[in-house]
Amino acid sequence: MKVRRWSKEAPWHILLILTAVLSLLPFIWMLATAFKPEPEIFAGGLNPLPAVPTLANFRFVMERVPLFRYFANTLLAAVLITGLKMVTSILAAYGFTRFRFRGREFIFYLCLVSIFVPVQVTMLPNYLLISHLGWLNSFAGLVIPQLADAMGIFLLRQSIRTVPVSLFEAARIDGAGHLAVLRRVLLPAIKPAVVALAILFFINAWNEYYWPLLVLNDKSMYTLPLALQMFTNQEGGTAWGVMMAAASLTALPPLVVYLLTQRYVVDSFINSGLKG
Amino acid sequence: MRRFIPLVFIAPALFLIVLFTFWPVLSTLHLSFLQWNMISPRARWEGPGNYLSLLTGREFWLAGYNTLVYTVILLVFNLVLPYLVAYAVTRVPPRRQTPYKALIFAPGVISLAVASVIFLWLYNPVLGPVDILLRHLGLGAPAWLTGYRTVIWALSLITTWKLFGYNFIVLLAGLVAVPRELIQAAQLEGASGWQIFWHIIRPQTSATSLYVLVMTVVWGAQYVFVPIQMLTNGGPDYASTNLVFLIYQYGFGFFQAGKAAACAVLTLLVFLVLILLQARVLEKKVYYED
Amino acid sequence: MFQFKSRVKKKVPVFLSLLLLGAAAVAAGCGGPATQGAGGGTGGVTTIEYWHVNSESFGGQAVRDLVNEFNRTHPDVKVVDKFQPNMYLGLMQNLQAAIAGGHPPAVAQIGYNFLEYATANLPHQTVDDAAGQDKDGRAFLNDFRSNILDLGRVNGKLEGMPYSISDPVLYYNSDLFSRAGINGPPRTWDEVRRDARLIKEKTGNYGLYVQEPSDNWAQQAMMESNGAKVLTKKDGRATATFDSAAAVDAYQLMADMVLKDKTALHAPWDQGTQAFISGKVGMTVTTIAKRNYIESNAKFKVATVPFPTFGEKPRRVPAGGNALFIFARDPQQQKAAWEFIKYLESPAALTVWTKGTGYLPPRSGVLDDPKYLKPFMDANPLMKAAVDELPDLVPWVSFPGNNGLQCEQAMLDARDAILGGRQTPAGALHAAAEKVNQLIGK
Amino acid sequence: MTVIAESIQFEAVTKNYGRVTALREFNLEVAAGERMVLLGPSGCGKTTALRLVAGLEEAGRGKIYFGDRSVNDLPPGERGVAMVFQNYALYPHMTVAENMAFGLKMRRVPPDQIKARIDRAASMLGLEELLLRRPRELSGGQRQRAALGRAIVKEAPFFLLDEPLSNLDAQLRARARAELVSLHRQIGSTMLYVTHDQVEAMTVGQRIAVIAGGELQQVDTPERIYHRPMNAFVARFIGNPPMNLMPVKVAGNRLRMGGVSLQLPAVWAAWLAERPQGEITLGIRPEDLVLRAEAGPAGCSFPVRLTWQEDLGAEAVFYLQAAGELELVVRGRPGGVNTGDTLWVEINWERVHFFDGPGRSLGRPQALDRNDRSGAGGA
């Protein structure tokens, strides 16, 4: 019986293991390179692991770059972006689902369409606007334009629709105002979706590269993805080991958070109704 | 007063979207009729000139065609494959699913910029592991990033690597939501595994698949932009350019704001039909779920 | 915060959105660094920004040392250095944006290939002007060789001060050479082709990689060393002439090595350099600025020789690197900027600079002076090839006009088409030249 | 627990959803402290009426009064209503106690009072052991009690229930009905109870408002609704199996129905003679027909064929066919007959109803009511 069961499962396991290995390969490559001394990086070969692991690359990063400052910048920006986007998205999704008003569908479609506008289209005018406001090299300039994202509205609207209407009505009869309904009834009811979306927002905000590149040119304001650029130079050559060390350090926080909460995150996604 | 309450809820998000998405789109429209390098105090009125030069040149058409190719490739890599893998996960017992869910989603936490740099190494035509492997098998190693035929595949794969996990989880969520009774009913009727998949699971997850499909089509163009910009600059000879990169190249590579804007407008027009269609599709699907 | 009496509750969303905007305003207010603002002068100290492309892996430390030293010795000026990612194009992007936003830096490194574009489009103070206002200006400029100053000149006017200088040299892997049984390094392109074949036959590795970044620097060196001109200026009008017979010949050689002999590698710059350092390519033609990088990473013995010539024809290599431009608007800042430039170009500062980056100094006399670079040159024999080429330096072609940057792209497209085997050198170059001429004419 | 109950009044209330009219010119008065059941088939507008009272819907036209105050513009939270939803709408992330406390917290009731009220309600409903559980850890009956508890603790003047028992199984339902009534006696608020189940309506309501097609059909005590239906709809909607309704023709003292001709009792014949002639409908409840094995006196009974019978143990339901496609349902004692048998039916003429063409009840001769034993007499 047991053998039969395995023979039935085995092909799926093979496919899954293959996928997992392929998924992790570039990852391993990054980490392995980060621990390699410089000449070994160029040795090539199929075995990605370092023969003589070294911390020199990490040391170089720590010495040359105020990594903790960038870490703090990135964290602050990502938290601000995630938090504010969640607030505006939740409010708007609530507004779109819990009220009937003229033009509701039209405004919603408008938001929906905005999801599909490539950032490259809006980059230049937004840059000029931000610079006109004097927000270059500021958290405001970094954060606020990134809040214009209707994806959260769309996904949260989906999951709010899965909440029984009577729950809201019960709360209204209980005398709860809109904010109390939001905070004490709606949010707990769609918690998985909120968590999953927040994680998604956070990872994206953490990794955002192009907008910070445009608005930040003061090194002290850099975020981690920008800091990676401080180790590349086409003309003089890119310090791959150092860059991979920096990249590993950059990827580490979200990765650790993800691995620690992995079960919860995946379940959140599965329970979130974020499947659209 | 009560009439304005919903507006109060929507206002913050709407304000931001109008200010940072719609207003720029309108100003892009205006810009597309000008010739301007972004700094000179005077912009020259160009009329439809930017559009004409785009439509008569070959770059725009090449980029449009490539956008289509990317889309098709990404649909296979980022919809069909993750669907298959997600299905595979549902075929193994729950307690053995966890490591797969964890490992396959993990690459999603790395930025595309970093992923691009890693793949620059993996794709090295002389010492990359892929090529070493191919040479061990006695096959010639293609020059991934300089080959006309390979470059789009190579760049798509980077995007796939980054997005695979997310799509996988979303599709898995859809698969898990298929009622067990339906599958059991089909089993009682003697349906084979494949028949159950095709006649029960596939239609039951069509809503989720549709969502992933739409997002892949629309966002594919934007996600692929990062490896293009980092690794090939659209080369060789426009073989890897897509519409979004072309906008960037005119704007931030050639400093021709007018032409970049015209390209953006045309790109939006190309997407517009798609957008309306998709908005409808999304809405309709939601209706089904209610 | 959610515990409001029922009547107040309705107003909370309003309150919340106000809070949001308020937070934004606060963030805007306190986020801006103190160094911003056009004036920049407080308490008699003039603060200026210096924009550079020197990453931590290439010259970042040298920039910091120089700026610190300058600030220490010039109490009335405070220089703030700002690294710009993504090389000269990245710097130009941010510069365009900063100028559009009204906050240009006082001094910035402009890559030589952006010289024409920057001169024509970005409001700046010319070096001629800055030196003219300085009583020691003339004397200062006299310390530079004329062909070096030409690198910063557009139509006879000194627009930017040539600062960093690199030139293309041929690096070779001595170990591979001995394994292939080659005695000495190649002097001419014919020898390069022959040696490449030998390396391929004897060791199975590629013979050559010529750098392929998003510019045509190395290709210009080949064309012009074969007697062609990329751009010909006549009566103030520029014409693309990179489709001349001599240019086509040079490209044909390259194409043959890649496509016919299969002895040359066709790959992006990073990958090509990786391949050379890993020992899989016998020779590479690339900038002297990469010397330290290649030397410290390669496990084999590296050596350099000057850029190969076509037979007896004179070698003509374009200068890479950058010139310093003054974008300050305020006279006080302009003066401080000029002071800073003079400091950066001083023999002592250039010594730090060359040691930190591997660039060649633009100023005469620094290289052989035991006080300055002589010990460094003696310790780094690979630099010799680059120094030997200094008399052969020509300006890096930078296309004029609004479409100048697009012209460069047209040449790049031709390079891809040729080396990718899509088009013949003659066909591709001719088409590109026509396109460029059309773009220049606009 | 004392609650100051108030009356509820609908005054010409009309509510439209798009083109669909849910309530049309609806008038109804519910006395303070009364148990009023809104009964009708699904989609009849009864739930709409309830939601209008709760404030979950806004009336299109017309007014709703609590006492003498118009509450049209009052939001639900300020109306002083407690409501039990069909699916209970318990907050899934809160324990039973938290569910009960939520409304009170919103109303800023002091914590010690909240606790006292929850304890009282819990002991009334036997919820003491369940207070710390979450809804998904409760059985259907427990959830229903929790929902009741949440409504009770508010000590609201108005107690609204929307099909509160429809998710319970039959046995629980019977017990819950009785509990609800006794609960209402204890708290004394004005109770509005929506159901489509006539048994529930009959057992719970002090009065029943039968609604169909957005219009009020009849408001009356359960007895009068059963015995004195004002129209054919109410007559047929109430009672199980439903009342037999047959088109009949009256000619003098004879009544033709399908292929059957019967002798009318004199009192009916005289009374019907004064009514408009033409097509009228005769209504007889299944228990008011008597099934016999043999023919009675001529013209008093008619022959039928037994097509089907349902033996319910204590009683049986017989499905019969008479001449001229006439179909009848009769309730009686089980046993002794077989499907296919020919039997005889006799009508209990004291309990028949007549309706006119549009279905309005024609009433009945006064003479009959003098010796009425149904208890449905009086005004």
Side-chain angles (χ1 to χ4, degrees), chain B residues 1-2 4-13 15-16 35-41 44 49 53 57-59 117 120-121 123-128 140 143-149 151 229-241 248-259, chain C residues 10-14 16-17 20-21 86 89-90 92-93 95-101 104 117 120-123 205-206 209 212 214 265-268 270-272 274-281 402-409 412-423 428 435 442:
Chain B
M1 186 55 211
R2 274 174 86 168
F4 294 106
I5 295 175
L7 238 65
V8 169
F9 280 91
I10 293 164
F15 172 75
L16 288 164
Q35 195 192 69
W36 187 44
N37 64 5
M38 288 153 60
I39 39 171
S40 82
R44 209 174 73 206
S53 88
R58 73 183 184 115
E59 291 88 354
V117 171
L120 180 74
W121 274 91
Y123 284 148
N124 192 302
V126 178
L127 64 148
W144 300 103
L145 296 179
T146 48
Y148 281 84
R149 287 209 186 76
V151 66
Q229 196 259 353
M230 302 275 298
L231 301 185
T232 68
N233 266 306
D237 194 14
Y238 293 96
S240 66
T241 300
Y248 172 85
Q249 193 174 37
Y250 279 120
F252 294 90
F254 303 156
F255 302 119
Q256 299 172 356
K259 218 161 169 186
Chain C
K10 279 176 216 147
K11 294 188 181 130
V12 171
V14 189
L16 206 71
S17 28
L20 205 79
L21 290 176
N86 214 355
L89 178 65
M92 284 296 282
Q93 287 168 358
L95 190 57
Q96 293 262 118
I99 291 171
Y117 183 82
N121 292 291
L122 310 183
N205 288 309
Y206 281 105
Y209 173 70
E212 293 178 30
S214 322
L265 179 63
H266 168 45
D270 279 325
Q271 290 188 338
Q274 288 164 4
F276 177 76
I277 294 176
S278 75
K280 309 276 191 220
V281 180
N402 280 334
N403 298 320
L405 304 176
Q406 204 179 349
C407 295
E408 181 89 26
Q409 185 63 41
L412 286 177
D413 297 341
R415 184 178 80 195
D416 287 339
I418 295 167
L419 299 183
R422 279 278 163 111
Q423 279 178 290
K435 184 173 179 183
K442 267 195 191 158

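Chain letters run A, B, ... following the sequence lines, proteins first and then strands; every chain starts at 1.
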Between B:Y123 and chain C, with a heavy-atom cut-off of 4.5 Å, which part of the residue counts as in contact: side chain, backbone, both or neither?
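B:Y123 touches chain C through backbone and side-chain heavy atoms alike.
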Handout entry: Qualifying residues under side chain to side chain donor-acceptor pair (under 3.5 Å), relative to B:R149, sequence neighbours excluded
Key =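 Side chain to side chain donor-acceptor pair (under 3.5 Å) check on B:R149 returns nothing, list empty.
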Which residues satisfy the side chain to side chain donor-acceptor pair (under 3.5 Å) test with C:E408, sequence neighbours excluded?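 C:E408 satisfies side chain to side chain donor-acceptor pair (under 3.5 Å) with C:N216 only.
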Search all heavy atoms of [X] against all heavy atoms of [Y] and return the closest pair with its distance.
X: C:Q93; Y: B:F252; result: NE2-O, 2.7 Å
X: B:N124; Y: C:A275; result: ND2-N, 4.2 Å
X: B:Y148; Y: C:D416; result: OH-O, 3.5 Å
X: B:D237; Y: C:A417; result: OD2-CB, 3.7 Å
X: B:V126; Y: C:Y206; result: CG2-CE1, 3.7 Å

Among C:K435, C:Q409, C:R415, C:K280, which residue has the highest count of heavy-atom pairs closer than 4.5 Å to chain B?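 Counting heavy-atom pairs under 4.5 Å, the top option is C:Q409.
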Chain B contacts, top residue of C:D413, C:D270, C:L412, C:L405 (heavy-atom pairs, under 4.5 Å):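 Most pairs with chain B among the choices: C:D413.
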Exercise. Stepwise, does the side chain to side chain contact (heavy atoms under 4.5 Å, CB included) test hold for C:Q406 with B:Y250?
Worked result: CA-CA 8 Å; C:Q406 204 179 349; B:Y250 279 120; 3.7 Å; yes
In the structure I gave you, are the side-chain heavy atoms of [X] and [Y] within less than 4.5 Å of one another anywhere?
X: C:L265; Y: B:P125; result: yes
X: C:Q271; Y: B:L145; result: yes
X: B:F255; Y: C:N121; result: no

**Report entry** Criterion side-chain hydrogen bond (donor to acceptor under 3.5 Å, both in side chains) on C:N403 and B:Q256, from CA distance to verdict
**Finding:** CA-CA 8 Å; C:N403 298 320; B:Q256 299 172 356; 2.7 Å; yes
